[in-house]
Amino acid sequence: MSRSWVSPGVAYLARGLLSVVVPVASSVIIVARLTSLKGIRVSPWLISAVVLGAAPLGFAAYVLVDERSQQRKANRLGARLVPRVQGKWPGNLDKVVNMVLRSENEYLGMVSVSCIPCLCFTESSFCVGRPLEDEIKVLGPTINFRFFWEDLILTTEPQHIKTILATDFDNYVKGAKFREAADSVLGTGVFNSDGEIWKLHRTMTRPFFTHDRISHFEIFDRHADHAIVLAKERFRAGLTVDFQDLISRFTLDSASEFLFGHYNAAAAFSYAFSQAQQSINRRLSIGQTWPLNEILADSTELHMKVVDAFLDPILKDALEKNSTAVEFDKNEFSDDQTLVDHLVNLTSDFKIIKDETLNILLAGRDTTASTLTSAIYLLAMHPEFLTRLREEIISKVGLTRRPTYDDIKEMKYLRAILNETLRLFPAVPFDVRENIQDTTWTSPEHGKKPLFIPQGTMLSYSVFLMHRRIDLWGPDALEFDPDRWLDERVKKYLIPNPFIFLPFNAGPRICLGQQFAYNEMSFMIIRLLQNFFTITLSPEPAMRPPAWWAEKDGRQAIERFRPRNHLTLYAMASLISSLRIRGEQACRE
Ligand code: HEM
């Protein structure tokens, strides 16, 4: 992560000033020169008008030229422009106003449009105007919001997502806008880099996620036990448990121990890291002008000082130990090695090690907490599936034994529950890329020209919306039905079209922690259901959806919590008080 001596706001203003001062000064110089050459006296009003008009006129000319050039390039490639959302005000401003007014109460992904470039990760995304569903029905699964005359393309089309993630991978990057917003926290780690730097990080980290290491069940066991003891204490006192909070602590403790071998001292660190992460989210939600919100100071700076104070000594210690250790094979791992042990064995570059560790912590912590929270919510809504799952757990593992990797591998129903949860509530519901070169995408409608994608476009893709498409998943796509992973529907929908299910993405940038995540989540669910046999939702008023949701169609009508999104999906309200469960202890006690 790079720290600068000027605040992001001051740096942004300085850059902005240059881009205003240069055209204005040039206009003044040109007008003054012309008038003095010709000996003409020009009114100061005219000079002011030229000066003031230069920027908007220049912008209008740029928009016109850009539009024409896009159309020409599309024609040349035998393609057409991506269908555009039509707002009523210039630059689709009405859509943005609507978004600001309505974002608070809308169902995730139901309404269009939030198109501030870079906003695709935020909770207010796609939440304005006519329902996004309707926009897609009219315009197709790939649409351009063209907000403030800047292209922002959203796709829910498996073919296009496959192109971005896999078949034309080299043409798509995370891009500078995302990187800038996350740089002060994540630096250039695997999650936040492109090109050669990304390759370096991924190559370094990938070996750590293979095979035995990700079956580190002792770590999960210790922290699962701790969480369950705490939950039982509350239930005995007649209280409920904020499951989202409990499980976030479990995943943080497990990830911290897995990554750097420490977890107890992590309270201040964990809080500071969460706050720094919230700052990234805020930046992304504001869009490109986020530095203006940080004129006085970098909003991540204080939090990152706490993170540094915790992490730096651990990393330095690991580096020091490694420098005195006997040389050994860099591809050999011992069972008790942490990620940091592994990294210091590969490089002595402090920044690389630190960036990587923080990136993996970010990538791995909230995603599993989110999925476990959604799974428990869905099981509470469907006690019949909970009973079946519990039967599988009891028959394969019993009520007390610690589950093993082989147990989990054989538990088909548990995997179906997790996949069905990830289908309806994927932990990363919206994601973003930018394309380097002009390109075309095959038309989603048969017989029509391909779609033209101009270089440098902000491309948002939503697996959340894709996973709920009735044309891809069948008429019951919006229902939580784990059996769709076990019956003929797999052959009918998924096998012929595997890119319709992408909770972990695909291609060279596919999630590195996928198997680790399945293991951790399976382990925790087994432990929970060995201990508790019912789950009852006990929603606080703040987490309940507005009453009018019940009059809508689809999941919105039946949902009993409000799914929201920052970098990952979570249950509103706040991460602190939401999804409460009431559990009853099973016969184990
Ligand atoms: C249910 C759990 C999880 C889900 C749904 C999930 C999903 C994803 C997705 C969608 C991406 C791609 C992001 C992008 O390229 O923009 C990703 C990347 C990544 N994930 Fe996960 N993840 C999960 C758990 C984990 C865990 C537990 C770890 C590590 C302990 C992890 C490590 C990573 C890393 C390192 C990347 C970056 C890969 C790269 O850019 O090359 N993930 N994950």
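Note that ligands are numbered from 1 as they come in the structure, with each ligand's atoms numbered from 1 the same way.
Checking Arg365, Arg433, Glu356, Arg202 against atom 38 (C) of ligand 1, the nearest heavy atom belongs to Arg202. With Ser254, Ala517, Cys511, Ser193 as candidates, the residue nearest to atom 8 (C) of ligand 1 on a non-hydrogen basis is Cys511. Between the choices Leu259, Ile360, Thr251, the shortest heavy-atom distance to atom 35 (C) of ligand 1 belongs to Ile360. Of the candidates Phe191, Phe504, Phe208, it is Phe191 that places a heavy atom closest to atom 37 (C) of ligand 1.
Considering all non-hydrogen atoms of both residues, Val428 and Val463 come closest at O-CG2, 3.5 Å.
A 6.0 Å sphere centred on CZ of Arg179 holds more than 12 heavy atoms belonging to other residues, nucleotides or ligands.
Near Ala427, meaning under 4.0 Å from one of its heavy atoms, ligand 1 places the atoms 5 (C). Taking every heavy atom of Trp198 and a limit of under 4.0 angstrom, the matching atoms of ligand 1 come to 39 (C), 40 (O), 41 (O). Which parts of ligand 1 touch Val190 is read off a 4.0 Å heavy-atom cut-off, strictly below it: atoms 35 (C), 39 (C), 40 (O), 41 (O). Each of the atoms 29 (C), 30 (C) of ligand 1 lies under 4.0 Å from some heavy atom of Phe209. The contact set between ligand 1 and Phe516, taken as ligand atoms under 4.0 Å from a residue heavy atom, comprises 27 (C), 30 (C). The Thr371 neighbourhood of ligand 1 comprises atoms 1 (C), with distances under 4.0 Å to a heavy atom of that residue. Using a 4.0 Å cut-off to heavy atoms of Asp431, the atoms of ligand 1 that qualify are 13 (C), 14 (C), 16 (O).
Defined by atom type and a distance below 3.5 Å, a donor-acceptor pair is missing between the side-chain atoms of Glu434 and Thr457.
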### Query
After noting the C-alpha distance and the side-chain angles of Phe273 and Phe310, does the key distance pass the ring pair (Phe, Tyr, Trp, His ring centres under 6.0 Å) rule?
CA-CA 11 Å; Phe273 189 55; Phe310 173 70; over 10 Å; no
### Task
Assess whether ring pair (Phe, Tyr, Trp, His ring centres under 6.0 Å) is satisfied between Phe516 and Phe220, documenting all intermediate values.
CA-CA 11 Å; Phe516 177 96; Phe220 300 149; 5.5 Å; yes
### Task
Begin with the C-alpha distance, continue with both residues' side-chain angles, and end with the deciding distance and a verdict on salt bridge (Lys or Arg N to Asp or Glu O under 4.0 Å) for Arg433 and Asp431.
CA-CA 7 Å; Arg433 293 289 191 270; Asp431 209 334; 3.7 Å; yes
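Taking a 4.0 Å cut-off on heavy atoms, Tyr518 fails to register as neighbouring ligand 1. The closest approach between a heavy atom of Met521 and any atom of ligand 1 is below 4.0 Å. Heavy-atom distances between Lys174 and ligand 1 reach below 4.0 Å in at least one pair.
By the 3.5 Å distance cut-off applied to N or O atoms, Arg509 is counted among the residues near ligand 1. Note: no N/O pair closer than 3.5 Å links Gln514 and ligand 1 by distance alone.
For Thr347, the side chain to side chain donor-acceptor pair (under 3.5 Å) test picks out no residue, with sequence neighbours left out. With sequence neighbours left out, Trp485 forms a side chain to side chain donor-acceptor pair (under 3.5 Å) with Glu420.
Using modelled atom types, one side-chain atom of Asp349 and one backbone atom of Ile352 make a donor-acceptor pair closer than 3.5 Å. A donor-acceptor pair under 3.5 Å links the side-chain atoms of Arg484 to the main chain of Glu479, judged by distance alone.
For the pair Lys174 and Phe191, the cation sits on the ring face: its NZ or CZ lies under 6.0 Å from the ring centre, inside 45° of the axis.
Contacts between Pro503 and ligand 1, counted as non-hydrogen atom pairs separated by less than 4.0 Å, involve the backbone only.
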